[in-house]
Undergrad: 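Below is a structure I'd like to ask you about.
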Amino acid sequence: MVLFQPHRDGRNMASYDIAAIEAKWQDRWEAAALARVGEESDRPKFYNLQMYPYPSGELHMGHLRNYTYTDLLSRYKTMRGYNVLAPMGWDSFGLPAENAAIKTGIHPRDFTESRIVKMKEQLRRLGNVYDWDREVACHRPDYYRWTQWLFIRFFNEGLAYKKDAPVNWCPQDQTVLANEQVINGECERCGSVVIKRNLSQWFFKITDYAQRLLDDLDMLDAWPDRVRTMQRNWIGRSEGAQFSMAVTERPGISIDVYTTRPDTSFGMTFVVLAPEHPLVTDLTVGTEYEEPVAAFVAQVSKVSEVDRLAGSEDKRGLFLGVHATNPVNGAQMPIYIADYVLMGYGTGAIMAVPGQDQRDWDFATEHGIDIIRTVEPPPDFDGEAYTGDGVAINSDFLNGLDMAEAKAKIIDWFEEQGTGERTVQFRLRDWLISRQRYWGCPIPIVNCASCGAVPVPDDQLPVLLPDVDNYKPEGKSPLAAVDSFVNTTCPSCGGPATRETDTMDTFVDSSWYFLRYTDARNETEPFGRANADYWMAIDQYIGGVEHAILHLLYARFFTKVLHDLGHVSVEEPFSALFTQGMIVKDGAKMSKSKGNVVSPDRYYERYGADAIRLYELFIGPATDDAIWNDNGVEGTSRFLDRIWRMGTGDLGTLVERDVTAADNEIVKVVHRTVKKVTKDIDRFAFNTAVAALMECSNALASWMRSDDGGNRAVFADVYPMMLKLLAPMAPHMTHELWERIGHSTILATVPWPEWDEALVTVASVTLVVQVNGKVRDRIEVPVGISDDDATEAALASPKIQAILAGAEPRRVIARPPKIVNVVI
RNA sequence: GCGGACGUAGCCGAAUUUGGUAUAGGCGCCAGACUUAGGAUCUGGUGUGCGAAAGCACAUGUGGGUUCGAGUCCCACCGUCCGCACCA
């Protein structure tokens with residue numbers, strides 16, 4: 001198919017000069033400062049935000065979908081009477097610019113700035129309006145100064161700390177990663193298998209907020225359930241008990257274990273330590289077990305998490321030669337190490353109850369350990385370990401109790417004995433934020449031999465990112481090679497000291513950018529509280545579901561900390577969240593690396609920004625992935641074409657006349673459309689909103705093209721309503737038409753149309769008459785018809801009479817005014 | 001393995017409120033009009049089967065069920081997608 005031929009006469013609006021008219025209105029909106037807003041307004045505020053993008057330079061059709069949604073919403077809410085904040089900025093630190101620098105030698109700053117210029121042009125070309133006075137770019141010193149300032153507040157509160165720990169290391173990107181950035185043992189960015197390394201790293205103490213981050217999810221009822229579920233699972237709260245057990249052969253040594261099933265304690269037949277558990281060495285040193293155990297531990301440490309999980313059916317482990325005493329019955333139980341127990345969760349040691357836990361069952365079977373059931377399985381149970389609820393058996397004083405009762409009783413018993421207690425565990429770990437890479441925000445800490453880690457004083461911020469000769473990371477940050485950066489004096493004692501050379505995870509930058517938008521040019525603080533309190537929380541946040549955990553969890557954490565420190569009133573940043581679907585082509589997400597991008601350039605020339613926007617809205621349900629179809633823009637372009645010709649007198653005929661039935665009908669159609677489009681936009685059903693407008697324009701066109709033509713006065717009444725409905729979707733053409741039909745105000749500032757409910761509710765409707773559930777006739781009835789009247793009308797229908805053939809119906813179900821079902 | 005969502009014309013999809021006219025809208029396709037021409041525009045058609053037509057029957061992944069009535073609710077199965085996956 002030949003798609004992009006220059007158009008000839010007629011088609012695509014000879015009188016509509018796409019390039020000139022779109023440029024004209026983009027200039028007008030800018031000149032009118034359409035999206036520039038302040039904090040003083042008698043209108044209610046609406047903070048409309050899209051997740052700020054990494055400035056990649058080239059936008060494709062997949063990106064445009066999201067930008068279209070945001071701009072549609074800004075324009076719609078403005079017409080609905082809100083003071084709309086629609087800012088834009090750049091998540092401009094990060095690896096692509098740095099990797100490009102390694103390849104080409106171009107400074108990441110230059111690379112990034114040039115791409116920002118490009119992206120702004122492309123957003124303008126789409127017709128999007130933003131308050132550019134509030135633009136932020138996290139790589140610029142006037143932004144990261146405040147990222148550093150906030151880091152220091154976290155540090156002073158004990159919420160930022162450095163510790164030596166086994167951490168995730170991506171060998172490809174040469175940097176550590178947060179747990180959230182490791183997906184199935186692979187680097188979230190590049191897919192390399194992540195390995196564990198022991199390194200000293202900076203963490204944010206997000207675990208202090210685990211309970212609140214979990215609890216407050218309940219308030220976020222305008223978030224997708226699946227995102228809330230993912231966060232709940234990630235935080236991973238569990239309730240249980242922690243207790244300690246004496247090691248029989250080593251007086252004075254005891255092992256702490258955490259369990260969610262203390263009710264099964266009588267079924268415990270062995271104890272397992274994680275390979276990395278600190279007691280492993282103590283328990284085996286100088287024994288015959290020392291050497292094989294050390295070999296096992298060494299082997300496990302070399303294996304990546306992926307491989308460790310890959311063999312999870314086999315429960316590899318070794319006996320340590322020592323025993324523990326079961327505190328509930330004094331039983332002697334062997335102590336093992338095994339790689340299925342993780343050091344990072346709970347106490348790194350477990351009580352193993354093979355009767356009630358499948359992993360323990362597998363291990364016990366492989367190592368010939370006793371299995372005792374302590375919960376009665378149902379009679380038809382044919383599995384191995386039974387993990388369900390049931391009556392306690394073989395459990396002394398717990399016998400006969402159900403799971404919940406037994407749990408409560410045994411925990412009370414532990415607490416009375418002083419050997420254990422009720423505890424809560426979270427799966428969430430602290431957020432590892434340091435990165436051994438160049439293109440990020442420097443950590444504002446100075447290490448002094450006598451004073452330790454000292455924060456850089458506020459008046460010395462920002463700690464500027466120095467220029468470097470070599471961007472290539474080699475196990476440590478490229479900053480470490482810059483002596484003039486590293487060597488400094490201690491802000492506390494004035495002695496010689498060295499700077500931190502790691503930079504921050506770019507998710508730190510994006511954890512507060514939405515607050516900076518509220519007061520982006522503030523030079524004395526990250527943002528003023530009054531401004532933040534005026535705009536926050538964000539009324540609508542739009543972004544990809546891939547951030548369900550990462551960004552959205554971190555940003556919630558930051559907001560809570562800043563709330564606690566008195567910087568902002570809200571505790572949750574995003575009141576409503578919308579996660580849009582992707583654009584798919586050739587079976588894959590549209591992306592540069594997949595080589596399946598559709599560039600909008602040719603479409604801009606051929607069809608214009610409005611047709612592209614409209615197709616992005618029409619392509620399918622906003623939440624779902626949608627398959628790109630080259631012909632789709634053709635369809636929305638034809639629709640716009642009709643709208644244009646209608647407004648320019650190039651379609652049908654309009655006559656002066658008294659109002660006819662057809663005229664009245666068209667008014668109703670338009671009012672119904674106003675209602676439908678309004679409700680659809682409110683529920684993000686953009687595809688059906690566009691469909692409704694198409695239907696309406698089809699009706700309008702047939703009316704104007706009918707032999708009687710259209711009524712000029714009626715047209716003058718309803719056509720502008722159509723333009724208003726279309727204004728947020730196809731702003732350029734509608735603005736031009738609005739001006740041409742004689743308005744001097746800018747359409748974007750005109751109030752949204754209202755529908756007349758009396759015109760929407762129809763006086764008579766089609767009543768469906770069924771016989772035995774099958775449609776047999778349709779009759780026109782008044783809306784308010786009674787059950788009896790509807791029944792009578794249905795039975796009076798000649799078609800029904802014919803089917804009944806004189807017989808009496810057995811039953812008649814009347815649900816007027818929709819349906820009457822005659823049962824014979 | 002566990003949990004969740006979904007499955008509707010040739011394709012993308014609609015059916016919001018409470019179970020009540022299934023297939024709106026678009027793409028594509030077929031025929032016609034205008035035309036030197038059509039890939040513009042306009043008109044008509046377009047689930048399947050039978051029928052000249054009116055109409056009838058059958059169609060929402062498959063098989064059951066509830067109901068006067070099921071795309072919608074319930075059960076089982078098949079398929080697609082997503083999340084979680086040694087978290088004690």
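The chains referred to below are lettered A, B, ... by the order of the sequence lines, with proteins before strands, and numbering in each begins at 1.
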Undergrad: Could you tell me the Watson-Crick or G-U partner of B/rU43, where both distances fall under 3.5 Å? Say none if there is no partner.
TA: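 In the structure as shown, B/rU43 has B/rA31 as its Watson-Crick or wobble partner.
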
Undergrad: When the P atoms of B/rG63 and B/rA54 are compared, how many Å lie between them, rounded to an integer?
TA: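 About 31 Å, rounded to a whole number of Å.
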
Undergrad: Here's one to test your reading of the geometry: is the NZ or CZ of A/Arg672 within 45 degrees of the ring axis of A/Trp755 and under 6.0 Å from its centre?
TA: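 No cation-pi geometry.
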
Undergrad: With respect to the side chain of A/Gln770, which nucleotide from B/rA15, B/rC82, B/rG20 is positioned closest?
TA: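 That would be B/rG20.
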
Undergrad: Where the side chain of A/Tyr340 is defined as all heavy atoms beyond and including C-beta, which of B/rG69, B/rC86, B/rA88 is the nearest nucleotide?
TA: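 My answer, after comparing the listed nucleotides, is B/rC86.
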
Undergrad: Within the structure shown, what part of the strands sits under 4.0 Å from A/Ser238 by heavy-atom distance: base, sugar-phosphate, or nothing?
TA: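 A/Ser238: backbone/sugar contact only, no base atoms under 4.0 Å.
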
Undergrad: Looking for any heavy atom pair under 4.0 Å, which part of the strands does A/Arg810 touch: base, sugar-phosphate only, or nothing?
TA: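 If one applies the 4.0 Å heavy-atom cut-off, A/Arg810 turns out to touch nothing in the nucleic acid.
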
Undergrad: Looking at B/rA57, I'd like to know if its phosphate oxygens (OP1 or OP2) sit under 4.0 Å from a side-chain N or O belonging to A/Lys774.
TA: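 For A/Lys774, the contact criterion (side-chain N or O under 4.0 Å from OP1 or OP2 of B/rA57) is not met.
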
Undergrad: Under 4.0 Å, counting only non-hydrogen atoms across every strand here, what does A/Asn629 touch: a base, just sugar-phosphate, or nothing?
TA: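 Since only primed, P, OP1 and OP2 atoms lie under 4.0 Å of A/Asn629, the category is sugar-phosphate.
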
Undergrad: Would A/Tyr607 and A/Glu634 count as having a side-chain donor-acceptor pair, cut-off 3.5 Å?
TA: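 The criterion, which ignores hydrogens and geometry beyond distance, is satisfied for A/Glu634 and A/Tyr607.
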
Undergrad: Rounded to the nearest Å, what distance is computed from the CZ atom of residue A/Arg638 to the P atom of nucleotide B/rA40?
TA: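 Interatomic distance, CZ of A/Arg638 to P of B/rA40: 6 Å.
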
Undergrad: What about A/Arg815, does its side chain sit under 3.5 Å from the base of B/rG20 through a donor-acceptor pair?
TA: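 Yes, a donor-acceptor pair under 3.5 Å.
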
Undergrad: Any base atoms under 4.0 Å from A/Val341, or only sugar-phosphate, or nothing? Heavy atoms, all strands.
TA: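 It contacts base atoms.
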
Undergrad: Tell me the partner of B/rG71, counting only Watson-Crick (N1-N3 plus N6-O4 or O6-N4) or G-U wobble (N1-O2 and O6-N3) with both under 3.5 Å; none if nothing fits.
TA: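 WC or wobble partner does not exist here.
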
Undergrad: Nearest 0.5 angstrom please: A/Ile627 CD1 to A/Met582 CE, how far?
TA: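 Answer for the CD1-CE pair, A/Ile627 versus A/Met582, is 11.0 Å.
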
Undergrad: Reckon A/Arg427 has a side-chain N or O less than 4.0 Å from the OP1 or OP2 of B/rC86?
TA: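 Checking A/Arg427 against B/rC86: no side-chain N or O falls below 4.0 Å of OP1 or OP2.
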
Undergrad: Does A/Arg645 make a side-chain N or O approach to OP1 or OP2 of B/rC42 shorter than 4.0 Å?
TA: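 Affirmative; the distance criterion is met.
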
Undergrad: Which nucleotide in the set B/rG26, B/rA15, B/rA88 lies at the smallest distance from any side-chain heavy atom of A/Arg642?
TA: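 Nearest nucleotide to the side chain: B/rG26.
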
Undergrad: Taking atom types as they are modelled, is there a donor-acceptor pair under 3.5 Å from the base of B/rC27 to the side chain of A/Asn631?
TA: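 There is none.
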
Undergrad: Applying the Watson-Crick and G-U wobble criteria at under 3.5 Å, what pairs with B/rA5? Answer none if nothing qualifies.
TA: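 Across all strands, the one nucleotide that pairs with B/rA5 is B/rU80.
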
Undergrad: If only side-chain N and O atoms of A/Asn698 are considered, is one of them under 4.0 Å from the OP1 or OP2 phosphate oxygen of B/rG26?
TA: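 So the side chain of A/Asn698 is within the cut-off, an N or O lying under 4.0 Å from OP1 or OP2 of B/rG26.
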
Undergrad: Kindly say if A/Arg776 contacts the phosphate of B/rC56, meaning a side-chain N or O under 4.0 Å from OP1 or OP2.
TA: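 Indeed, a polar side-chain atom of A/Arg776 lies that close.
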
Undergrad: Using a distance-only test with no angle check, is there a side-chain donor-acceptor pair under 3.5 angstrom linking A/Gln358 and A/Glu384?
TA: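 Checked: A/Gln358/A/Glu384 side chains pair up, N/O donor to acceptor below 3.5 Å.
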
Undergrad: Looking at A/Asn687, does any N or O in its side chain come under 4.0 Å of the phosphate oxygens OP1/OP2 on B/rA14?
TA: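 So the side-chain polar atoms of A/Asn687 do come within 4.0 Å of the phosphate oxygens OP1 or OP2 of B/rA14, strictly under.
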
Undergrad: May I have the distance from A/Glu180 (atom CD) to B/rC84 (atom P), rounded to whole angstrom?
TA: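 Going from CD in A/Glu180 over to P in B/rC84 covers 12 Å.
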
Undergrad: Using the C1' atom on both, measure B/rC75 against B/rA85 and round to a whole Å.
TA: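 Those two atoms are separated by 28 Å.
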
Undergrad: Taking atom P in both B/rG64 and B/rC12, what distance in whole Å separates the two?
TA: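 B/rG64 and B/rC12 have their P atoms separated by 27 Å.
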
Undergrad: On a whole-Å scale, what distance lies between the C1' atoms belonging to B/rU62 and B/rG71?
TA: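 It comes out at 15 Å once rounded to the nearest Å.
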
Undergrad: A/Leu693 near the nucleic acid: base, sugar-phosphate alone, or nothing, with a heavy-atom cut-off under 4.0 Å?
TA: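 No contact.
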
Undergrad: With respect to A/Gln356, which candidate in A/Thr387, A/Thr264, A/Thr374 satisfies the side chain to side chain donor-acceptor pair (under 3.5 Å) definition?
TA: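 Of A/Thr387, A/Thr264, A/Thr374, side chain to side chain donor-acceptor pair (under 3.5 Å) with A/Gln356 is met by A/Thr374 alone.
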
Undergrad: May I ask you to evaluate whether A/Tyr345 reaches the phosphate of B/rA88, defined as a side-chain N or O under 4.0 Å from OP1 or OP2?
TA: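 It does, given that an N or O in the side chain of A/Tyr345 lies less than 4.0 Å from OP1 or OP2 of B/rA88.
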
Undergrad: Sticking with atom C1', work out how far B/rU43 lies from B/rC34, rounded to a whole angstrom.
TA: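 Rounded to whole Å, the distance is 11 Å.
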
Undergrad: Select one nucleotide: of B/rC12, B/rU16, B/rC86, the one nearest the side-chain heavy atoms of A/Lys676.
TA: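 In terms of side-chain proximity for A/Lys676, the closest of B/rC12, B/rU16, B/rC86 is B/rU16.
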
Undergrad: If we count only N and O atoms by modelled type, under 3.5 Å, do the side chains of A/Tyr615 and A/Asn631 hold a donor and an acceptor together?
TA: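 No, because no side-chain N or O of A/Tyr615 sits under 3.5 Å from a partner of the opposite role on A/Asn631.
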
